[in-house]
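The chains referred to below are lettered A, B, ... by the order of the sequence lines, with proteins before strands, and numbering in each begins at 1. Computed over heavy atoms, backbone and side chain alike; hydrogens, waters and symmetry mates excluded.
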There are 2 protein chains.
Amino acid sequence: MSTSRPVGHGPLPPLHSAPDADLDDIDRRLLRRLGEDGRASYARIGAEVNLSATAVKRRIDRLRARGVVRGFTVVLDPRLLGWGTEAFVEVYCRERTSPEEILASLRQFPEVVAAWTVTGDPDALVHLRAADMRHLDAVIERIRREPGVQRSRSSVVLSRLIG
Amino acid sequence: MSTSRPVGHGPLPPLHSAPDADLDDIDRRLLRRLGEDGRASYARIGAEVNLSATAVKRRIDRLRARGVVRGFTVVLDPRLLGWGTEAFVEVYCRERTSPEEILASLRQFPEVVAAWTVTGDPDALVHLRAADMRHLDAVIERIRREPGVQRSRSSVVLSRLIG
DNA sequence: CATGAAACTTTTTCTGG
DNA sequence: CCAGAAAAAGTTTCATG
């Protein structure tokens with residue numbers, strides 16, 4: 001029943017040496033535990049941080065209220081779900097293409113797992129997930145044809161090192 | 001206690017139209033619900049998918065056993081934790097630098113949230129999180145000085161569009 | 001073989017110290 | 001922060017289609 005998902009490296013932001021977050025040591029251990037198993041019971045967490053289940057719940061509630069804890073989610077295996085191929089696409093937009101327009105363009109693709117506007121030559125970086133190369137190719141082609149998009153440069157993921 | 005985290009776009013792989021995963025419609029709805037709230041009770045989930053809590057638990061257990069569900073985790077707000085600045089760094093390695101060496105280099109930085117080896121000109125793409133620009137700059141400098149690293153090209157994240 | 005109901009255990013949630 | 005009681009959720013067992 002225990003999930004082994006080391007944090008620090010991974011989808012979670014680093015907990016240790018956080019510059020400033022008003023977290024005490026117990027909060028950090030507690031969040032680390034929730035990072036490893038988001039369904040861990042308050043009682044079990046409390047046993048590990050030397051706190052009663054009630055105290056643990058109150059701390060987590062407080063962290064939720066503050067917005068530090070945004071919620072809880074399930075971690076799935078994209079490969080086993082049939083989404084084994086991923087890529088990053090740098091998108092170069094035409095002049096006068098707003099982030100809103102980029103967003104609107106990308107929103108329609110379920111293959112777009114994440115996207116950011118960035119500094120530098122490209123305007124946006126897009127993280128794609130697809131079933132296979134063929135699928136990936138098709139999606140990239142469709143993105144390139146979007147009105148606001150001028151050109152793009154793709155990197156297919158060979159292996160996930162961290163995260 | 002309900003978390004609004006739309007899936008399809010985001011850290012979760014898309015659930016709908018999964019090419020092949022041996023998931024039936026109930027599994028997909030169930031996973032979607034867990035994506036939104038990883039701590040939702042079996043009873044509540046069951047009420048939404050017209051199944052008993054027992055049946056829901058067994059389905060989730062089965063999905064865990066198959067590896068489709070890797071676990072559960074908490075979703076944190078990096079900004080409120082003091083990690084508000086992020087960037088992507090393309091790393092160009094020297095000849096004969098293995099992925100293992102890249103991994104070993106990057107592992108030591110807690111600021112490295114994710115990293116992939118990729119096709120194309122750069123060898124690796126690195127996702128960084130830092131407290132601020134100053135911090136980000138320092139980390140990138142340290143990465144550039146790593147033995148296996150030849151040069152790098154960075155994009156600072158301006159805004160998160162999706163994910 | 002998956003399901004649902006019931007029995008049983010653990011955990012959560014209140015209350016008041 | 002602790003203790004205890006009530007409520008809810010998790011877990012196991014068993015019978016059914």
Derivation of the side chain to side chain contact (heavy atoms under 4.5 Å, CB included) call for Leu63(A) and Leu30(A): CA-CA 11 Å; Leu63(A) 289 167; Leu30(A) 194 145; 4.3 Å; yes
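Residues passing the salt bridge (Lys or Arg N to Asp or Glu O under 4.0 Å) test with Asp77(A) are Arg70(B), sequence neighbours excluded. In this structure, the salt bridge (Lys or Arg N to Asp or Glu O under 4.0 Å) partners of Arg145(B), at least two apart in sequence or on a different chain, are Glu141(B).
Arg39(A) has its CZ atom 9 Å from the C1' atom of dG10(D), to the nearest Å. With rounding to whole Å, Tyr42(A) atom OH is found 18 Å from dC2(D) atom P. Atom CD1 in Ile60(B) sits roughly 14 Å away from atom P in dA9(D) (whole-Å rounding). Residue Arg66(B) contributes atom CZ, which lies 11 Å from atom P of dA2(C) at whole-angstrom precision. Look at CG on Asp37(A): it is 13 Å from P on dT11(C), rounded to the nearest Å. At whole-Å resolution of the value, CD1 in Ile26(A) and C1' in dC1(D) are 11 Å apart. In this entry the distance linking CZ of Arg44(A) with C1' of dT11(C) reads 11 Å, nearest Å. To the nearest angstrom, P of dC1(C) lies 15 Å from CZ of Arg59(B).
A salt bridge between Arg107(A) and Glu101(A) is absent, with no side-chain N of the basic residue lying under 4.0 Å from a carboxylate O of the acidic one.
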Contact letters for nucleotides 5-10 of chain C, in which S counts primed atoms plus P, OP1 and OP2 and B counts the base, heavy atoms under 4.0 Å: B-----
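Classified by interplanar angle (parallel below 30°, tilted 30° to 60°, perpendicular above 60°), the ring pair Phe88(B)/Phe88(A) is tilted.
Under the 4.5 Å side-chain contact rule for hydrophobic residues, Trp116(B) and Val113(B) do not share a cluster.
The side-chain hydrogen bond (donor to acceptor under 3.5 Å, both in side chains) analysis of residues 43-53 of chain B, with sequence neighbours excluded, yields the pairs Arg33(B)-Glu48(B).
Of the candidate nucleotides dT12(C), dT3(C), dT11(D), dT3(C) has the atom nearest to the side chain of Ala55(B). Closest to the Ala53(A) side chain, of the nucleotides dT3(C), dT12(D), dT12(C), is dT12(C).
Other residues sharing the hydrophobic cluster of Tyr92(A), ordered by chain and number and joined by side-chain separations under 4.5 Å: none, the residue standing alone.
Within the 4.0 Å cut-off from OP1 or OP2 of dT12(C), not a single side-chain nitrogen or oxygen of Lys57(A) is found.
Side-chain N/O atoms of Gln108(A) and Glu146(A) include a donor and acceptor closer than 3.5 Å.
Among the duplex regions that DNA chain C forms, those built from at least three successive Watson-Crick or G-U pairs under 3.5 Å are C:1-17 with D:1-17, ordered by first number.
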